[in-house]
Structures are given as structure tokens and as C-alpha cells.
Undergrad: 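I have a structure here, written as C-alpha cells, and I will follow up with some questions on it.
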Amino acid sequence: MKWQASAPANIALIKYMGKSSAANNLPANISLSYTLEHLRSFVELELNNNLTQDQWEPLQDSRAAFIPTLNANAQQRYINHLVFIKKQFNFTGHFIIRSANNFPAGCGIASSAASFAALTLCAVNALVELTQREPLRILAIANLSRQGSGSSCRSLLGPWVFWQGQTVEAIELPYKHLHHFVVVITEQHKNITSSEAHQRVLTSPLYAGRIERAEQRYQQLIAAFNQQNWSKAYEIVWQEFSDMHALFETAAQPFKYIQTETQEVLDYLRVYWENNGDGPLVTLDAGPNVHVLFRDDQIAMFNAMKKEFATNYMIL
Ligand code: PMV
């Protein structure tokens, strides 16, 4: 028996960084994301009665050309998440997990959000059927997903998702649909995982006040969106990713994702805004790649900028 599911990545404009409970994977601060429907993970689960434990292998799927090169730790973390979900259903059988993405993994394009959300969805579908339980509500599925990778709980709803503690909610904003691309500076795996980053930021002197800063920016950003004040939203979103990257760079064991090319792209975007009085929202995840988001009516700007960046970089 086989089950399949797919889930999108999401990009946080107000960033989840630091945990209030490592055991339950609860966030220290509020976050807000936009769901990236075009960047997806695909998962297949196959029940196999000959297995004595769950195992992972790459998924061959024409929709998902990027096979995640999961090292032993990452594979185990993924398998452990399935084991955790099976426990919730008192299910003792074993599965082969197959997964792949339509974008490169492990380089700060929120692959863990997409891949854990897809695995959770697929496992819940399979286990509801196998144990003949009532289907789970989306909030319950999001909270299961959160245990595997915090930010994945925001990938199960959309397009705008708010997360605080155990509450994950889709919210209504005037910008119903945005156009998004990522300027891929490097596809290389980052050396500091986001799990490690969540711990290290707590040692930065700038961490004091971080929870309040995120909360305040969240309120300001919602107000800016509701007033359709796009340039204000751009400023807040820029301050927010800069705040997160400053935490990284000032931790007791500092680390840095921003590369020379990242800075060049950021400088280009800042000058673009200065010259045009308009432009995209700009943000970085925990990685060197630059995410840009455009309003629906900026489609011409989106296409022109995408073409321009594509001469030097991979664009997703
Ligand atoms: O879900 P995790 O534990 O991989 O954390 C990811 C956190 C960031 O992507 C850096 C920010 C966010 O809110 O998505």
C-alpha cells in the first residue's frame, strides 16, 4: 500500500528564531509567513511488512528533480518524525519513506518546512486509513508537523500564516497573491543548521529584547499591509531579516550566511527602491539566498528583474 502527499515551502517575513521549549519545539517569538506554492516537497510512503524499521530513499518523480542529499543525521531526523507520528496512532508497522523536492535542499530555501509538512500530511493520511481513525483537523496536523521542524507548521495553511506557541492560523491580508522568486547564491549545504542557529542566537547580546522586537514588527507589518503601505512593509521586512542575521553574527560562536554575492544582490535591490520609490519585499532565510516578493500589479517589474538576475544566478 502506498500514499503520496506534497507540501509547499514558506518564507517568514517575521522570523521564528529561538525556542521557548526545545522538547516541544515551541517558538520563543511570533512569526508570519507567506506560503510558496511553487517550491514543493513530494513524499511517498509505502507500507512494507518485511521491514523491522522505517527507512528513507530518494523519490523518483518527474515533478521533483532535486533529490535531497540527506546525510545520516538528517535521514534519521526525518525517520524519527515518522516514528513520532506512528506513536500518536499506536501503529507498529514500518514504511519506506521516499522524498524529493522541486528545489535544492539544505541551503536556506526552507526545504525542511516543505519536507516535514509533506511527510506529516502523508503519514497522517496513511495512519488515519490504516487505524480507521477520524481525519485530523489541520491545526492538529500542523502541531504534529511542528514537532519535526517548527517552521513546517506554517506550510500546511496559506497564503499568510501566523504562528505563536501552539497557535497556527491562516490570516486575511489585502495582498492575496504575491509573485516570488529566490536568487540562489549557492546550492551548497549550510554548515550551521537552523536547529543549531536556534540555540546559538540565545548567546548573542542582541537577543535581549528580540521577542519584543519580533512582536512589535509583526504588529507594524500587519498595519502596513492593511493600510496597503508597501514601502513601509519593505522597511519592516528588511529590518527583520537584518535583526536575525545580526543575532547569528554576534552569537558567542558567531556564524555568517551572508556572502559577497548576497550583499551585491541586496545592494542592487536597495538602490532599485531608492531610484524607483517602489520594489519588492526582500528577505533572507537562514542562508545566503535572497527572496523577493512582488505585488500582483508589479508583474512587469517581477518579470524584468527575474530576467536580469537570471543572467548571473540560478532563479527559483
Ligand atoms: O523550522 P526550523 O527549525 O528549520 O527553523 C527555521 C527558522 C527560519 O527559517 C530561519 C525562520 C522561519 O521563521 O522560517
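As the structure lists them, so they are numbered: ligands from 1, and atoms in each ligand from 1. What you are looking at is a predicted structure, and each value in this text was computed from that prediction instead of being measured.
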Undergrad: Flag the pair Glu235 and Arg270 as a salt bridge only when some basic side-chain nitrogen lies within less than 4.0 angstrom of an acidic carboxylate oxygen.
TA: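 Salt bridge absent between Glu235 and Arg270.
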
Undergrad: Name the option, out of Gly148, Ser194, Ser152, Ala197, that contains the heavy atom nearest to atom 4 (O) of ligand 1.
TA: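 The option holding the nearest heavy atom is Ser194.
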
Undergrad: Under 4.0 Å from a heavy atom of Ala286: which atoms of ligand 1 are those, numbered in the order shown and with their elements?
TA: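 Counting from 1, the qualifying ligand atoms are 10 (C).
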
Undergrad: Is there a donor-acceptor pair closer than 3.5 Å between any side-chain N or O of Trp273 and the backbone N or O of Pro280?
TA: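 Between the backbone of Pro280 and the side chain of Trp273 there is a qualifying donor-acceptor contact (under 3.5 Å).
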
Undergrad: Give the atoms of ligand 1, by number and element, whose distance to some non-hydrogen atom of Met17 is under 4.0 Å.
TA: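 Counting from 1, the qualifying ligand atoms are 10 (C).
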
Undergrad: Does Ser112 come within less than 4.0 Å of ligand 1, judged by its heavy atoms?
TA: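 Right, Ser112 reaches ligand 1.
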
Undergrad: As an exercise, identify every atom of ligand 1 less than 4.0 angstrom from a heavy atom of Lys15.
TA: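 Selected atoms, number and element: 13 (O).
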
Undergrad: Using a strict cut-off of 4.0 Å, indicate which atoms of ligand 1 neighbour a heavy atom of Ala12.
TA: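 Matching atoms, with element in brackets: 12 (C), 13 (O), 14 (O).
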
Undergrad: Output the list of atoms in ligand 1 that are nearer than 4.0 Å to some heavy atom of Arg154, sorted by atom number.
TA: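 Ligand 1 atoms under the 4.0 Å threshold to Arg154: 12 (C), 13 (O), 14 (O).
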
Undergrad: What are the two closest non-hydrogen atoms of Arg146 and Gly165, and how far apart are they?
TA: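 Closest pair (atom of Arg146, atom of Gly165, distance): CD-O, 4.3 Å.
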
Undergrad: With a 6.0 Å cut-off on the ring centroids, do Tyr175 and Tyr34 count as close?
TA: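 No, they do not, as the ring centres are separated by 6.0 Å or more.
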
Undergrad: Answer with yes or no whether Ser149 contacts ligand 1, where contact means a heavy atom under 4.0 Å from a ligand atom.
TA: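 It does, in that a heavy atom of Ser149 comes within the 4.0 Å cut-off of ligand 1.
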
